[in-house]
Amino acid sequence: MNYLQHVAVRSLSNKHTIIMMFQLLNLVIKEFRLEWRQRSVVTGILIYVVSTVFICFLTFHQVIDIPTWNALFWIIMVFAAVNAVARSFMQESRGVQLYYYTLLNPGAVIISKIIYNTFLLMAVAIVNFVFYSLFLGNQVSDMGMFLLGLLLGSAGLASTLTLVSAVASRANGSPSLMAILSFPILIPLLMTIMRFSKNAIDGIGWAINGNYALSLVALFGMVVTLSYLLFPYLWRD
Amino acid sequence: MEKHWWKILSAILLFYTVIAGFLGDVPTMAILNESIRNLYFHVTMWFAMMILMIVSLVYSIKYLGSFELKSDVIAEESARVAMLFGVLGLLTGMVWAKYTWGAWWVNDVQLNGAAGTMLVYTAYFLLRNSMDDEQKKARISAVYSIFAFAMMIVFIIILPRMTDSLHPGKGGNPGFSSYDLDHRLRLVFYPAVIGWTLLGVWIMSLRIRLRNIHKNIESN
């Protein structure tokens, strides 16, 4: 009897996991399809990034000092990321949210948003990097490591900002609240990623920089786990 | 009277901290000299702040488990008192830094972490003020405070250990455990931590009672 119960619970939870994975996959596909049809968010953010870089070019002309180059790059990245991710919960109407609520697993909803936002911010980071090096010069000595930094930074920013945007959209939905809530929380992530990418620009090896990469991965894991655990309390109104 | 023994204990401990802290014997150290006495005030206030923040975290989690507004009130008020101790700890730290390092503020992971924590809790109170519905306010701010606390732990505990820091106890600088070979510092340090924490709980209970009175007036 006990064994049967055990098997029943096991198969139920397995089924549950499979259903969640299925929902997750469909939600991610939905996000991409929606973006492809509208193309408004991506275009808006790319124009935002390119024009910010151009303004920096007009004011600085050329940035030679490496810490300044690095800091300016990540500041542009953070502002673009806050703008990009802020929309992820605000663009859905109350009706759509109610529909999700009756249909889906909350974990699938938040993780699908994190995955989509990670890809979105990676695209933003690459465009930012291309235009930034075009206008302001490129002094990166370890390109592979710097690109890894872009990947880790986008993933970290996307995961942190996704949960904060859920909080802000439930509170009152104003974009200024999103900025106020997210900037203090982003400081630890930003300090780590800026140090990692500065080391990559200087060409400092993995022996020193590996620790930062690991702590970024750990931070990302922690944020995703917390989002998965906390989002169920946020999404019902 | 038997319910108030801890308030008396708090007052006695804090008087003891001030008197023994300023008049007691301390180890003689280069550079630090008499400023080592700040250990009794700055560090103990930060300890009290951390304890109250953990109380706030625990009650936020408790609220999400039970949806009782009582837990949310405790979570908010303990965060408020933690913030008070944070500001006091920051000010005492700044005075100490001026006489030891020569500047009110230096660029240091530990100090930036402290400032970041203050910013996060300010954002938390701002978030609370942006909503009217009690249950919704409690739920959303509990989520934010749990998330923010986890990030702050990374900030003040993990990050400073990865880099160099001027702050005692970090980045190769001796912490207080290496100063007190004869336990002279410990004799004042631990009573001070308990004293500040009890004082914080006292302020908190007064504020909660005040809130309840306001609530009763409004509902009548």
Side-chain angles (χ1 to χ4, degrees), chain A residues 67 110 156 159-174 176-196 199 208-216 218-237, chain B residues 57 60-67 72 83 86 107-133 135-165:
Chain A
I110 188 81
S159 55
T160 315
L161 288 171
T162 306
L163 190 74
V164 175
S165 89
V167 169
S169 77
R170 288 302 179 277
N172 63 6
S174 79
S176 66
L177 188 65
M178 168 86 188
I180 292 164
L181 294 180
S182 57
F183 284 158
I185 286 192
L186 283 178
I187 301 172
L189 173 76
L190 262 179
M191 281 168 65
T192 321
I193 187 66
M194 277 165 97
R195 196 153 297 149
F196 179 85
N199 286 351
I208 291 167
N209 228 2
N211 273 339
Y212 290 110
L214 278 181
S215 63
L216 282 169
L219 202 65
F220 177 68
M222 188 191 84
V223 171
V224 171
T225 317
L226 275 175
S227 306
Y228 181 80
L229 292 174
L230 291 173
F231 186 65
Y233 295 103
L234 276 182
W235 76 329
R236 63 189 98 174
D237 248 339
Chain B
L57 173 78
S60 294
I61 295 171
K62 237 177 148 172
Y63 174 79
L64 290 182
S66 65
F67 294 112
D72 176 60
M83 184 92 176
N107 183 20
D108 187 88
V109 224
Q110 190 78 10
L111 279 77
N112 294 340
T117 313
M118 297 292 105
L119 278 178
V120 165
Y121 277 89
T122 318
Y124 169 74
F125 292 122
L126 217 125
L127 175 68
R128 291 194 73 95
N129 287 337
S130 72
M131 288 172 281
D132 292 325
D133 181 53
Q135 288 284 352
K136 189 180 167 188
K137 181 200 276 185
R139 196 163 36 107
I140 291 168
S141 54
V143 169
Y144 183 73
S145 103
I146 295 168
F147 190 58
F149 187 88
M151 299 299 267
M152 280 308 112
I153 288 299
V154 175
F155 204 153
I156 39 190
I157 296 177
I158 299 167
L159 274 188
R161 279 173 177 61
M162 286 182 62
T163 46
D164 267 342
S165 172

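Every chain is numbered from 1, with letters handed out A, B, ... down the list of sequences.
- Minimum heavy-atom separation, B:S130 to A:L177: OG-CD2, 4.0 Å.
- With a threshold of 4.5 angstrom between heavy atoms, A:L219 approaches chain B through side-chain atoms but not through N, CA, C or O.
- Here B:Y144 pairs with nothing under the side-chain hydrogen bond (donor to acceptor under 3.5 Å, both in side chains) rule; sequence neighbours left out.
- The choice from A:V164, A:L229, A:I185, A:V167 that makes the most heavy-atom pairs within less than 4.5 Å of chain B is A:I185.
- Only the side chain of B:F67 has a heavy atom closer than 4.5 Å to any heavy atom of chain A.
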key: Audit row: B:M151, A:L186, side-chain contact (heavy atoms from CB on, under 4.5 Å) steps and yes/no   = CA-CA 8 Å; B:M151 299 299 267; A:L186 283 178; over 6 Å; no
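- Annotation: side chain of B:L126 is not in contact with side chain of A:L181 (no heavy-atom distance under 4.5 Å).
- A pairwise comparison of heavy atoms in A:R170 and B:I140 identifies CB-CD1, 3.4 Å as the closest pair.
- When the side-chain hydrogen bond (donor to acceptor under 3.5 Å, both in side chains) test is applied to A:T162, the partners found at least two apart in sequence or on another chain are A:N117.
- Only the side chain of A:L226 has a heavy atom closer than 4.5 Å to any heavy atom of chain B.
- With a 4.5 Å cut-off on non-hydrogen atoms, A:L163 touches chain B through its side chain but not through its backbone.
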request  = Could you walk me through whether A:V223 and B:F147 pass side-chain contact (heavy atoms from CB on, under 4.5 Å), step by step?
outcome  = CA-CA 8 Å; A:V223 171; B:F147 190 58; 3.8 Å; yes
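- Across all their heavy atoms, A:I187 and B:G116 have their closest contact at CD1-CA, 4.4 Å.
- The shortest side-chain heavy-atom distance between A:I180 and B:L127 does not fall under the 4.5 Å cut-off.
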